[in-house]
Enquirer: 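I have a structure I would like to understand better, so I am pasting it below and will then ask my questions one at a time.
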Amino acid sequence: MQRWSETFIPTLKESPAEAEIPSHRLLLRAGLVRKSGAGIYAFLPLGLRALRKIEALCREELNRHGAMEVLLPAVHPVELWKRGPRWEAAREVMYRVDSAASDPATLPADPEYVLGPTHEEIITALAAAEIASYRDLPKNFYQIQTKFRNEIRPRFGLMRAREFIMKDGYSFDVSDEAAVETYERMRQAYEGFFTRCGLEFSMVEADTGVMGGSHSHEFMVPAAVGDDDVLYCRESGYASNRERARSGLVPENLRIPEPEGAVEEFPTPGVTTIADLSAEPYRVPADRQYKTLVYIGDGRPFLVVLRGCDDLEEAKLGTLGFQQVRPARADETSELLGAEPGSLGAVRGRMPGRERLAGIYADEAIRLVGNGTTGANRDGFHVRNIHVERDLDIDRFGDFRRVQPGEPCPQCGKPLELARAIEVGHIFKLGTKYSEAFEAFYTDTERKRHPMVMGCYGIGISRTLQAVIEQRHDEKGIIWPWNVAPFQVVITLLDPGDANAVEVAERLGGAAEEGGADVLLDDRDARPGVKFNDADLIGFPVRVVIGRRGLAGGVVELHTRHDGACEQVALEEAPDRLREIASGLQRAR
Ligand code: ATP
Ligand code: MG
């Protein structure tokens, strides 16, 4: 039993100005963490206890689903990253480490080391060196470790930090089918883990980047403060991160209308937006316009064509296979196509820089336009009667638009709904991208060599801690689920100087500990109001109040935080009742 007077729980009455969302305020107010710098936090004893419990649940679920724990280095030799497939894309997010011997005046452009934002490069190099035969497979490694990412905008405390704790796992299998089985086991482990954390969550389809395929899912905790948008359907159960959401907007058997007439250029002085062209005097509705965007992929320009009323979902450009993608600047655009961004079009024969383009990619939904209007690649002019097949110079159709709520579910046609969520975990079938780069090959029974098929699996451990608080709190404070509460029971001594009360507290505390609870004894010399408020703020699931007056009447008080219930219990019945409440709360997670 831990004594309050011997620990360090600096609770705060006021909300610190730096905290914008409830869970961040409560992390600080309940004395769980303190900020050391932007996106950099220290865990204090209570915060660390909750964190360790989350880690323990995570280990239990992963171990029981066939994964094994390792601990990889946090400092990574940069050569490993350079051998891997994403050095250019990832270098910005990494903190560089130069050895003390480096002369600051001659610091190399590339660092000697980087701090690990994630560990595919390290583990794949290890697997390449250590695993040779199909007999050594499958292997599924994980670790729980501090990660470093130079987030541009760290915010909301542990939610988006620059230094944070992640569980990351990496699996190696002999085949695609075997990798899918491992993926499935990890999905089960994740469901078990988040359930045991007391979270309400859902698993949604997630972006797969260049890999494509359907084996990428995120675990999402619904919350207004989340950074992610989820589109879902109550009817079919379809749920997807908006970054890759599909919809049934374009019917599979769509009949594209015939061309309506000859291509015709017309003056549109001052028109530079979709809205301008839909207004007087032109009155071309946004869904009858083609919108043309210029992007740069690994240094080469390409075009994306959408309906005028649609927005690009930038993440979907990941399917095009570029490592790095950015919007072109206005000067690059006019140099390429001869017009400002407001007057562009992808009309065949009207693009001066056509041969320099890496490609022209069109969203499927422009087929709905059929005949439309677009920029003439000449400032102040547009062209109409542009038929989607006859006139647009499209290399490839795909899904690039951002799906809007209300659009038909791709599975059942009912309207999709939109919700905000926090991404707490991600599972991803990687394929052989890393194993090929690092020559992580195995030999089969006929001594033929194959790349190992990999999966990777992440859980934001520290983000999960905060997500629990975001989901489980009220105006008084945190309401910890049993499994992750730093202490499950607090014993509030109203008269800490009273030897009899202390003796009763120790007896009851012992009984609670036998029932599986961690017990904190509030033996501080403080007013009852202060102790009660702190107990509510920190959110221990059970509070036992022991006072001289109650004891004289032979009773103690038992409170439960989640429902505010309070009962007076005879002293001799208190241990049993306490155990009963504890096991009830344990069952309810
Ligand atoms: P996000 O989209 O939120 O930036 P991510 O997709 O880049 O996250 P992953 O690389 O998939 O993150 O990392 C695995 C998990 O680590 C995420 O699901 C998330 O829970 C957690 N995580 C990622 N970045 C941070 C961060 N800056 N602070 C705290 N947790 C993070
Ligand atoms: Mg992710």
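Note that ligands are numbered from 1 as they come in the structure, with each ligand's atoms numbered from 1 the same way.
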Enquirer: Give the residue and atom name of whichever protein heavy atom lies nearest to atom 5 (P) of ligand 1, and the separation in Å to one decimal.
Expert: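 Going by distance alone, atom 5 (P) of ligand 1 is nearest to Arg149 NH1, 3.8 Å.
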Enquirer: With a 4.0 Å cut-off, would you call Arg401 and Glu407 a salt bridge?
Expert: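 Salt bridge present between Arg401 and Glu407.
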Enquirer: Answer yes if the ring centres of Phe302 and Tyr361 are under 6.0 angstrom apart, and no otherwise.
Expert: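 Yes, the ring of Phe302 comes within the 6.0 Å limit of the ring of Tyr361, centre to centre.
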Enquirer: Between Tyr442 and Asp173, is any side-chain donor less than 3.5 angstrom from a side-chain acceptor?
Expert: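 Not at all, the side chains of Tyr442 and Asp173 share no donor-acceptor pair under 3.5 Å.
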Enquirer: Heavy atoms only: which of Gln466, Glu243, Glu423 is nearest to atom 2 (O) of ligand 1?
Expert: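 Nearest heavy atom to atom 2 (O) of ligand 1 lies in Glu423.
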Enquirer: By atom name, which N, O or S atom belonging to His426 lies closest to the Mg ion (ligand 2)?
Expert: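 That would be atom ND1.
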Enquirer: Can an N or O of Phe164 be found at a distance shorter than 3.5 Å from an N or O of ligand 1?
Expert: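 No; the residue has no nitrogen or oxygen that sits under 3.5 Å from a nitrogen or oxygen of the ligand.
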Enquirer: For atom 19 (C) of ligand 1, what's the nearest protein heavy-atom neighbour? Residue, atom name and distance, please.
Expert: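 Of the protein heavy atoms, Arg463 NH1, 3.4 Å lies nearest.
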Enquirer: Out of His426, Glu205, Arg244, which residue meets the side-chain contact (heavy atoms from CB on, under 4.5 Å) rule with Ser216?
Expert: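 Single pass found, and it is His426.
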Enquirer: With a heavy-atom distance limit of 4.0 Å, tell me whether Glu151 approaches ligand 1 through its side chain, its backbone, both, or neither.
Expert: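 Under 4.0 Å from ligand 1, Glu151 contributes side-chain atoms alone.
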Enquirer: In Å and rounded to the nearest 0.5 Å, what is the NZ to CG distance from Lys147 to Asp168?
Expert: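 It comes to 3.0 Å.
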Enquirer: Which residue, Arg155, Arg153, Arg463, forms the salt bridge (Lys or Arg N to Asp or Glu O under 4.0 Å) with Asp227?
Expert: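 Answer after filtering Arg155, Arg153, Arg463: Arg155.
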Enquirer: In this structure, does ligand 1 have an atom that sits under 4.0 Å from one of the heavy atoms of Met159?
Expert: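 Heavy atoms of Met159 do come under 4.0 Å of ligand 1.
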Enquirer: Can you confirm if the NZ or CZ of Arg149 lies within 45° of the ring axis of Phe164 and under 6.0 Å from the centre of its six-membered ring?
Expert: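 No, a cation-pi geometry is absent between Arg149 and Phe164.
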Enquirer: State whether Glu61 and Arg64 are salt-bridged, where the test is any N-O pair (Lys NZ or Arg NE/NH1/NH2 against Asp/Glu carboxylate O) under 4.0 Å.
Expert: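 Yes, charged N to carboxylate O under 4.0 Å.
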Enquirer: In the protein, which heavy atom is nearest to atom 1 (P) of ligand 1, and how far is it?
Expert: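 Result for atom 1 (P) of ligand 1: Arg160 NH2, 3.6 Å.
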Enquirer: Are any of the heavy atoms in Leu158 under 4.0 Å away from ligand 1?
Expert: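 In this structure, Leu158 qualifies as a contact of ligand 1 - some heavy atom is under 4.0 Å.
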Enquirer: Assess Asp227 for proximity to ligand 1: is some non-hydrogen atom of it under 4.0 Å away?
Expert: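 Per 4.0 Å heavy-atom rule, Asp227 does not contact ligand 1.
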Enquirer: In the protein, which heavy atom is nearest to atom 21 (C) of ligand 1, and how far is it?
Expert: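 The closest one turns out to be Gly460 CA, 3.6 Å.
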Enquirer: Checking a contact table here: which protein heavy atom is nearest atom 13 (O) of ligand 1, and how many Å away?
Expert: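 That would be Met166 CE, 3.4 Å.
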Enquirer: Taking just the N, O or S atoms of Glu423, which one is nearest to the Mg ion (ligand 2)?
Expert: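 The nearest such atom is OE2.
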Enquirer: Would you say ligand 1 has an N or O under 3.5 Å from any N or O of Asp228?
Expert: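 Asp228 vs ligand 1: no N/O contact under 3.5 Å.
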Enquirer: Less than 4.5 Å apart, side chain to side chain, heavy atoms only: is that true for Leu51 and Ile54?
Expert: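 They are not in contact (no side-chain heavy atoms under 4.5 Å apart), so the answer is no.
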Enquirer: Nearest 0.5 Å, please: how far is NZ in Lys429 from CD1 in Ile427?
Expert: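 Answer rounded to 0.5 Å: 12.0 Å.
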Enquirer: Nearest to atom 28 (N) of ligand 1, what protein heavy atom do you find, and at what distance?
Expert: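 Looking only at protein heavy atoms, the one closest to atom 28 (N) of ligand 1 is Ala161 N, 3.0 Å.
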Enquirer: Has Ser462 got any heavy atom lying under 4.0 angstrom from an atom of ligand 1?
Expert: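 It does not, in that no heavy atom of Ser462 comes within the 4.0 Å cut-off of ligand 1.
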